[in-house]
Trainee: 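What follows is a structure written as structure tokens; I'll ask about it next.
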There are 2 protein chains.
Amino acid sequence: MATIYEVAALAGVSPATVSRVFNGNTVSPEKQRAVREAAAKLAFTPNKTARRLRKQSSEVVALLIPDIENPFFTALARGVEDKAQESGFSVVLCNTDDDPGKELRYLQIAASEQMAGVILAPASDEADLGAIASLGSPVVAVDRTTPYPVDAVKVDNRAAGIAATTALFDAGHRRIACIAGPVGIESTEDRFLGWRQVMTARRAAIPEGYLQHANFRADGGHAAMRHLLALPEPPEAVLTTNNLMGVGALQAVVEAGVDPARFGLAVVGELPFMFLTPPAVVQVRLPARHLGTTAATMLLERIGGDAQPPRTVVLRAELA
Amino acid sequence: MATIYEVAALAGVSPATVSRVFNGNTVSPEKQRAVREAAAKLAFTPNKTARRLRKQSSEVVALLIPDIENPFFTALARGVEDKAQESGFSVVLCNTDDDPGKELRYLQIAASEQMAGVILAPASDEADLGAIASLGSPVVAVDRTTPYPVDAVKVDNRAAGIAATTALFDAGHRRIACIAGPVGIESTEDRFLGWRQVMTARRAAIPEGYLQHANFRADGGHAAMRHLLALPEPPEAVLTTNNLMGVGALQAVVEAGVDPARFGLAVVGELPFMFLTPPAVVQVRLPARHLGTTAATMLLERIGGDAQPPRTVVLRAELA
DNA sequence: GAAGTCCAAGAAATCGATTTCGTCAAGGTC
DNA sequence: GACCTTGACGAAATCGATTTCTTGGACTTC
């Protein structure tokens, strides 16, 4: 790979002039032409590492998501990527496995790699943004917020929980349980608070054990559903606060010999490939890509110098 | 963020000594202790960009995949990531959208960012590895091969196509069509060659139009299936050469009012969430994660100095 | 003619970590 | 005692691109 010194020698100018041709304007047309020709002949590509070190910045942003195999997050990543690319930025996708230790490591890497900013679906309320914040790099929290004063984009999760639970009520169900994600995750809590709000408003009983916490994955939803079905007074319907747990719950229902068409299931998020889903399943569609593009837009504004106070944008989910 | 100069000043040594403490061995125990204490007090993290520029290498590898929303590739990515992390490497995941232009751009970025190597699911036979090859950085092709002399890991795709088609035959189907991916993709071609091989060996007719090419996605499979169903002599079964096209094909079958339980479908790859799948669907399970871990292992060996001639490892798919 | 201003462009410094080179001291061998 | 080897460690160079500083020439104004 050719260096700027080789281009300069071939063009008969100094390296500073080569740099000026590509980054600034005070070069005569004659020397500009010589430089561009030399660069083309040598297929010159600036060494991005050297640029990054000198400029203390780069055209790379990090996206930290908790589970690369969850279609919600891959759709969100697509949204981020599409928007970032429009502005000449690359996205480094980091999979935290919902593990705060992994998350911290990626945040440190983002800082020591001079990344232009970070979009973060936090693994917990304890995301440590110290390293990245001390550099003044912008951060946007997506889907879940963080105590740090940073921009955020999220879904109105309580409204999603309300809409899903209301739909189960409207379908005639009264004994409605809830399978939520791990304790301490904001989007989880808001969704089951929506469930509880509807149950309370409708004066429906919430028997002991009707709120189960699981691990966000199909196997967690499966285990929780089995637990619910083993209760003295099993539910006739269930809300799961994410899509993969909904799959696991439905699986447990089928395995227990319960007719899926008569069991009520509401899922926050989309079950993949809807036509294969029993007709009675309520799905609350999350705007995953829109979350991604919105987060990227906000981050790009910060990178571009936007200095207004941190804000939170709330997007609506909708019944599918 | 503290620099090595600040650590050196606090420890009362030169920056070269600080570097030696963390990278070499010729430092007295007394000075080692002073350096480590100073580094801890200042929360020193080496500036990775500076390291990378000086060393002309990094602990980052790139993984280029053609579709981040295809579960096959996200599982492959998980395999790569798990293996790379074991050895202290980070993975940069790049989504090429099966677009050779995007692929080329990412390859150039990998070169100008001094990445340690690239694992590449090529977007076409024309992947241009010139930039990365001129740096001597190792490349491993995964799932599909490339004309460049590099290591490769793939599935025995012809055997997968043979197994899938044979299973349809054994289920009693004789009019078996094939929906393949875009022309020119090696894995696609091997799979439909497997289909054709079985059809020929079993002396089954292949009417005009029984081989459809589609775009790898559910919508492509959907359109191709509709085309097949509109033939004068529609097939009673179909092989799709990837999972998403299988979903689209099944959707078209349902929409056409054909009973999915009586229509034969074989899919190379796993349909998501099997229990929702009509029981007659044949699935040939691809070892996606194993592809990933194998590719990463080979790349790490190359990074570590392995200089033997390029090799290709072929993994087997299996009937689910 | 002298002084001031502006522009183009080369030389040198900068970014932060690593490596190379040179020096000194200690120990061993002849 | 002289010479050689080894280890520790500081000073300087290196990586490649960008930015800052300085200089010279051209032009304008007084």
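All chains are named by letter (A, B, ...) in the order of the sequence lines, taking the proteins before the strands, and each is independently numbered beginning at 1. Keep in mind it's a predicted model, so treat the numbers as computed, not measured. These values consider heavy atoms only, across backbone and side chains, with no hydrogens, waters or symmetry-generated copies.
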Trainee: Going by heavy atoms closer than 4.0 Å, what residues in residues 2-12 of chain A are next to DNA chain D?
Mentor: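 Of all residues in residues 2-12 of chain A, the ones placing a heavy atom under 4.0 Å from DNA chain D are A/T3, A/I4, A/Y5.
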Trainee: In whole angstrom, give the distance that lies between atom CG of B/L53 and atom P of C/dA17.
Mentor: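 Answer to the nearest Å: 12 Å.
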Trainee: Name the closest nucleotide to the B/R20 side chain, picking from D/dG10, D/dT19, D/dA17.
Mentor: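 Looking only at side-chain atoms, B/R20 lies closest to D/dG10.
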Trainee: Which part of the nucleic acid, if any, lies within contact of B/K31, taking any heavy atom under 4.0 Å across all strands shown: a base, the sugar-phosphate backbone alone, or nothing?
Mentor: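 Sugar-phosphate contact only - B/K31 comes under 4.0 Å of backbone atoms but never of a base.
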Trainee: Just by distance, do the side chain of B/R20 and the backbone of B/V27 share a donor-acceptor pair under 3.5 Å?
Mentor: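 A pair under 3.5 Å: no.
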Trainee: If we check side chain to side chain contact (heavy atoms under 4.5 Å, CB included) with A/M298, which of these qualifies: A/D151, A/V142, A/T293?
Mentor: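 In the set A/D151, A/V142, A/T293, the residue that makes a side chain to side chain contact (heavy atoms under 4.5 Å, CB included) with A/M298 is A/D151.
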Trainee: Could you give the CD-to-C1' distance, from B/E113 to D/dG16, as a whole number of Å?
Mentor: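 In whole Å, D/dG16 C1' and B/E113 CD are 13 Å from each other.
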Trainee: Starting the side chain at C-beta, find the nucleotide from C/dG10, D/dT18, C/dA17 nearest to A/T17.
Mentor: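 The listed nucleotide nearest to A/T17's side chain is C/dG10.
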Trainee: Base, sugar-phosphate, or nothing for B/V27, non-hydrogen atoms under 4.0 angstrom?
Mentor: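 Contact class for B/V27: sugar-phosphate only.
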Trainee: Checking side chain to side chain contact (heavy atoms under 4.5 Å, CB included) between B/F73 and each of B/I68, B/L291, B/D143, which is the one that passes?
Mentor: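 Only match with B/F73 under side chain to side chain contact (heavy atoms under 4.5 Å, CB included): B/D143.
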Trainee: Between B/S28 and B/K55, name the one whose nearest nucleotide on DNA chain D is closer to the 5' end.
Mentor: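 Result of the comparison: B/S28.
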Trainee: With a 4.0 Å cut-off, would you call B/D99 and B/R105 a salt bridge?
Mentor: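 Salt bridge absent between B/D99 and B/R105.
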Trainee: Name the residue closer to the 5' end of DNA chain C, choosing between B/A16 and B/T49 according to the nucleotide with the nearest heavy atom.
Mentor: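 Checking each residue's closest nucleotide, the 5'-ward one belongs to B/T49.
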Trainee: For A/F22, which contact category applies under a 4.0 Å heavy-atom criterion: base, sugar-phosphate, or nothing?
Mentor: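 No contact.
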Trainee: Is any side-chain N or O of B/N47 closer than 4.0 Å to OP1 or OP2 of C/dA17?
Mentor: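 Checking B/N47 against C/dA17: no side-chain N or O falls below 4.0 Å of OP1 or OP2.
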Trainee: Measuring from the side chain of A/R54 (C-beta onward, heavy atoms only), which nucleotide among C/dT14, D/dG10, C/dT18 has the closest atom?
Mentor: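 Nearest to the side-chain atoms of A/R54, counting from C-beta on, is C/dT14.
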Trainee: By the 4.0 Å heavy-atom rule, please label A/R52 as base, sugar-phosphate, or nothing.
Mentor: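 Nothing, no heavy atom under 4.0 Å.
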Trainee: Do other residues, nucleotides or ligands put more than 12 heavy atoms under 6.0 Å from B/R302 CZ?
Mentor: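 More than 12 within 6.0 Å, yes.
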Trainee: State which of D/dA11, C/dC15, C/dA17 makes the closest approach to the side chain of A/Q56.
Mentor: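 In terms of side-chain proximity for A/Q56, the closest of D/dA11, C/dC15, C/dA17 is C/dC15.
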Trainee: Would you kindly check whether a donor in the side chain of B/R51 faces an acceptor in the base of C/dT18, or vice versa, at under 3.5 angstrom?
Mentor: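 For B/R51, whose side chain was compared with the base of C/dT18, there is no donor-acceptor pair (under 3.5 Å).
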Trainee: Nearest whole angstrom, please: distance from the C1' of D/dT20 to the CG of A/N23.
Mentor: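 Rounded to the whole Å, the gap is 15 Å.
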Trainee: Does atom CZ (B/R78) have a neighbourhood of more than 12 heavy atoms from anything else shown, all under 6.0 Å?
Mentor: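 Enclosed: over 12 neighbouring heavy atoms sit under 6.0 Å from CZ of B/R78.
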Trainee: Other residues, nucleotides and ligands only: do more than 12 of their heavy atoms fall within 6.0 Å of CD on B/E30?
Mentor: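 No, CD of B/E30 has 12 or fewer neighbouring heavy atoms, counting only those of other groups under 6.0 Å.
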